Amino acid sequence: MSLKAVVSGCGAYLPERVLTNQDLARQVDTSDEWIRERTGIRQRHIAADEEKTSDLAVEAAKAALTASGYGPDDIDLIIVATTTPDLTFPATAAIVQAKLGVENGAAFDIQAVCTGFVYALSVAEKFLTYGQHKRALIIGAETFSRILDWEDRATCVLFGDGAGAFVLEAQDEKVADGRGVVASYLRCDGRLADLLYVDGGVSTTGEAGRVRMQGNRVFREAVTRISEAMESVSEIAGIDVSSIDWFVPHQANERIIQGVVKKLALRPNQVISTIAEQGNTSAASIPLAYAVGVADGRIKPGDLVMLEAMGGGLTWGAALLYA
Ligand code: UT7
């Protein structure tokens with residue numbers, strides 16, 4: 001019996017509080033015009049003081065469970081991709097498991113910063129198609145606002161908070177009927193860690209630290225590495241990039257997304273973009289955008305979807321799936 005990992009539901013959660021570019025321009029030396037022209041961002045959501053990453057993750061997971069028609073008892077694997085865990089340990093996935101009332105299987109976090117959701121999807125797909133687990137919740141969740149330096153205009157204008165989730169389940173190939181994850185491609189080059197990192201941590205400063213980024217150097221790496229990942233995953237799958245129905249990129253910068261669209265000769269109307277309303281939500285941005293595409297009827301069952309991301313590490317990767 002050959003198994004496929006099929007997305008049977010997705011969900012999203014954004015905190016209520018919205019921070020606009022105009023709000024930011026009152027706090028640091030920036031402008032709505034600069035942020036929109038350089039990044040495409042108009043606003044971002046910020047978690048309330050009492051809201052933790054696990055709370056955002058739980059809301060997105062509940063929405064994904066509802067969409068899939070499954071309940072907590074049907075889940076036997078939870079993977080949370082996050083850079084902003086509630087605690088150093090236990091894993092945020094363990095906290096989410098308890099809050100959801102899931103009592104079976106395994107739960108752990110994945111740390112690949114903005115590429116975290118692609119890493120999580122790839123790992124979950126292996127667990128499911130190997131037959132070790134039956135039904136997974138994979139969640140990208142971030143309270144990135146907590147690790148921003150709110151005096152550094154070069155980074156604080158870029159990021160936001162949120163969570164997105166997939167229910168991913170093992171299905172017999174015949175039942176899946178063409179749906180499911182086709183291939184994924186993951187990479188890391190740790191020599192480039194100092195381009196984008198946090199200047200603290202448990203075994204260094206003992207504090208969480210703040211985001212530091214050489215933005216223009218990361219920007220220069222982005223289009224090349226993302227395009228390479230998309231071409232590689234297409235080659236692994238034996239599918240031409242031109243066959244993609246929808247492109248759901250990590251939402252870091254509208255100019256990066258458009259650069260990739262141009263390089264790979266995609267059509268601008270194939271892109272699901274949420275960057276204007278949500279900013280860069282790190283590991284949450286792909287499932288958040290995917291959920292928008294499903295909710296507004298663009299992504300339909302059977303459509304071929306390309307996911308990609310690049311982030312701290314540097315890490316980067318791509319995945320292809322039939323919705
Ligand atoms: O998700 C993880 C991956 N992250 C990314 O992919 C982010 C990649 N990088 C980027 O998106 C862009 O590099 C940024 C949006 C961060 C910056 O855009 P840029 O066009 O690369 O600008 P820059 O860093 O080269 O800075 C240009 C100018 C500088 O001023 P001078 O030196 O030319 O006088 C900056 O100080 O813009 C200035 N600047 C700002 N001005 C107003 C930087 N941030 C701001 C700001 N408001 N918020």
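As the structure lists them, so they are numbered: ligands from 1, and atoms in each ligand from 1. Keep in mind that this is a model prediction, so the values were computed, not measured. We count residues from 1, following the sequence as given.
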Heavy-atom donor-acceptor pair, E277 side chain to G279 backbone, under 3.5 Å: no
Using a 4.0 Å heavy-atom threshold (strictly under), name the region of N280 that reaches ligand 1: side chain, backbone, both or neither. side chain
Just by distance, with hydrogens left out, do R44 and N21 show a side-chain donor and acceptor under 3.5 Å apart? yes
Among non-hydrogen protein atoms, atom 39 (N) of ligand 1 lies closest to W34 CZ2, 3.4 Å
Under-4.0 Å heavy-atom contact with ligand 1, by part of M310 that carries it: backbone
Of the listed options (T115, T281, I256, N216), which comes nearest to atom 23 (P) of ligand 1 when hydrogens are ignored and any heavy atom counts? N216
Under a 4.0 Å heavy-atom limit, does A222 contact ligand 1 with its side chain, its backbone, both, or neither? neither
Can you tell whether the side chains of D149 and R212 come within less than 4.0 Å, N to carboxylate O? yes
Distance-only polar pair, side chains of S145 and D161, donor-acceptor under 3.5 Å: yes
Heavy-atom contacts with T39 under 4.0 Å: which atoms of ligand 1 show up? List them by number with element. 15 (C)
Angle between ring planes, F127 versus F108, binned at 30° and 60°: parallel, tilted or perpendicular? tilted
Is atom 31 (P) of ligand 1 less than 4.0 angstrom from some protein heavy atom? no
Tell me which part of V113 gets within contact of ligand 1: side chain, backbone, both or neither, using heavy atoms under 4.0 Å. neither
Tell me which one of H250, E142, Q278 satisfies side-chain contact (heavy atoms from CB on, under 4.5 Å) with S285. H250
Lys/Arg N to Asp/Glu carboxylate O, D199 vs R210, below 4.0 Å: no
Of the side chain and backbone of N253, name the one, both, or neither that has a heavy atom under 4.0 Å from an atom of ligand 1. side chain
Look at D29 together with R153 and state whether they make a salt bridge at an N to O cut-off of under 4.0 Å. yes
Which one holds for L196 and ligand 1: side chain close, backbone close, both close, or neither close, with close meaning a heavy atom under 4.0 Å? side chain
Any idea which part of F219 is under 4.0 Å from ligand 1, heavy-atom wise: side chain, backbone, both or neither? both
Any protein heavy atom < 4.0 Å from atom 25 (O) of ligand 1: yes
